[in-house]
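Here the structure comes first, spelled out in structure tokens, and everything after it is commentary.
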Amino acid sequence: MTGPQGRFDVPEADAFTRPYWEAAADGTLLLRHCAACDRAHHYPREFCPYCWSEDVDWRPASGRAVLYTWSVVHRNDLPPFGGRTPYAAAVVDLAEGPRMMTEVVGCEPEALRVGMALEVTFRALGEMWVPVFRPEGRPGCEPAGGAGFNG
């Protein structure tokens, strides 16, 4: 499936996900929350994946997460990703509980560590904004060797 302007890397908003993408454009990460079992989930669904209730709504997330795992992509022949290599494709544990696939930015890949505190930021993709994560409370990240990085 392709998004706006035929780009496969740009998400396509529909009536259900539009609040998510509009909030992202305003710098807010939304999660779906179930009123029946009081659990948050991601990716957005119209029902709770835990208890199957349809009593779910959108709620702002704190934007805090910890790094669960990552993989450094050194080669990607698909435009526009090739121009951004290397990059860290990651899975993060959101403070609210769900895991989310994303990218870690503002940190050299060698400095990434499991359990690293992260915060959400947003990257423009065409007219859409997608959540990515950076080291919490700091613009850069110290690599293992100790040299500074300004990202």
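Fair warning: this is a prediction, and the values are worked out from it, not measured in the lab. One is the number of the first residue; the rest follow in order along the sequence.
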query: Linking I/L/V/M/F/W/Y whenever any side-chain heavy atoms sit under 4.5 Å apart, do Met101 and Val105 land together?
result: no

query: For the hydrophobic clusters of this structure (ILVMFWY residues joined by side-chain heavy atoms under 4.5 Å, transitively), does one cluster hold both Tyr68 and Val132?
result: no

field: Heavy-atom donor-acceptor pair, Asp14 side chain to Phe16 backbone, under 3.5 Å
entry: yes

field: Spacing of Phe133 atom CZ and Leu94 atom CG [to the nearest 0.5 Å]
entry: 5.0 Å

- request: With Cys107 as reference, evaluate Leu67, Leu118, Leu112 under the side chain to side chain contact (heavy atoms under 4.5 Å, CB included) test and give the passing residue.
  value: Leu112

query: Hey, what's the ring geometry for His41 with Tyr50, parallel, tilted or perpendicular (30° and 60° as the breaks)?
result: perpendicular

message: Distance check, rounded to the nearest 0.5 Å: Leu29 atom CG versus Phe122 atom CZ?
response: 5.5 Å

message: To the closest 0.5 Å, what do you measure between CD (Glu22) and OG1 (Thr17)?
response: 9.5 Å

task: Inspect the contact between Glu96 and Arg59 and indicate whether a charged nitrogen and a carboxylate oxygen are less than 4.0 angstrom apart.
output: no

- prompt: Should Val56 and Met100 be counted in the same cluster of Ile, Leu, Val, Met, Phe, Trp and Tyr side chains packed under 4.5 Å apart?
  reply: no

message: Could you measure the distance from the CZ atom of Arg134 to the CD atom of Glu119? Nearest 0.5 Å is fine.
response: 4.5 Å

query: About how many Å separate CG of Leu30 and OH of Tyr20, when rounded to the nearest 0.5 Å?
result: 8.0 Å

task: Give, for atom CD of Glu103 and atom CH2 of Trp70, the distance between the pair rounded to the nearest 0.5 Å.
output: 14.5 Å

